[in-house]
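What you are looking at is a predicted structure, and each value in this text was computed from that prediction instead of being measured. Reckoned from all heavy atoms, side chains included, excluding hydrogens, waters and symmetry mates.
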Amino acid sequence: MIHEEKKLGKIVEELTMFFFSVGGNHISSKIEREGHQVVISFESDYAPEYRGNLESLQKYLNEPR
């Protein structure tokens with residue numbers, strides 16, 4: 001189980017750094033375990049000129065690995 005928790009921590013860390021890179025000042029994250037599934041939620045502000053970066057992020061997160 002520790003390996004999975006480390007992977008979750010790394011994902012949250014990388015997403016946090018992404019939101020900092022697009023001008024985020026108010027960033028919150030939440031991890032919810034639901035049986036064998038984990039849901040990671042993020043909420044952040046961002047600089048308007050980086051909207052394209054968020055659209056790209058959404059595309060990459062929805063693609064199969």
Side-chain angles (χ1 to χ4, degrees):
M1 190 61 91
I2 282 291
H3 178 68
E4 290 177 10
E5 292 165 348
K6 285 183 179 182
K7 283 185 358 184
L8 282 172
K10 190 71 170 163
I11 291 168
V12 170
E13 177 185 3
E14 289 184 26
L15 286 169
T16 301
M17 294 308 297
F18 170 80
F19 284 109
F20 277 132
S21 76
V22 295
N25 292 312
H26 304 283
I27 303 167
S28 62
S29 62
K30 180 171 69 169
I31 300 172
E32 296 178 78
R33 290 185 182 184
E34 300 172 353
H36 295 290
Q37 182 177 351
V38 176
V39 176
I40 301 172
S41 303
F42 265 84
E43 187 173 335
S44 177
D45 59 342
Y46 60 91
E49 63 266 21
Y50 292 109
R51 181 169 180 81
N53 293 49
L54 273 93
E55 291 169 357
S56 295
L57 175 66
Q58 181 178 359
K59 175 187 166 200
Y60 294 128
L61 289 175
N62 288 314
E63 289 182 353
R65 190 169 176 169

Side-chain polar contacts of residues 8-30 - donor-acceptor pairs under 3.5 angstrom, sequence neighbours left out - could you list them?
residue : atom : partner : partner atom : Å
Thr16   : OG1  : Val12   : O            : 2.8
Ser21   : OG   : Phe18   : O            : 2.6

>> Per the salt bridge (charged side-chain N to carboxylate O under 4.0 Å, His left out) rule, what does the pair list look like for residues 40-50, sequence neighbours excluded?
In response: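 Checked against salt bridge (charged side-chain N to carboxylate O under 4.0 Å, His left out) - neighbours excluded - no pair reaches residues 40-50.
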> Can you name the residues that form a side chain to side chain contact (heavy atoms under 4.5 Å, CB included) with Glu34, not counting sequence neighbours?
Replying inline: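 Per chain and number, Glu34 pairs via side chain to side chain contact (heavy atoms under 4.5 Å, CB included) with Glu32, Val39.
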> What residues, two or more places apart in sequence or in another chain, satisfy side chain to side chain donor-acceptor pair (under 3.5 Å) together with Tyr46?
Replying inline: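 Tyr46: side chain to side chain donor-acceptor pair (under 3.5 Å) contacts with Arg51.
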> Hey, what do you get for CD (Glu5) to CZ (Arg33), rounding to the nearest 0.5 Å?
Replying inline: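 Between Glu5 CD and Arg33 CZ, I get 4.5 Å after rounding to 0.5 Å.
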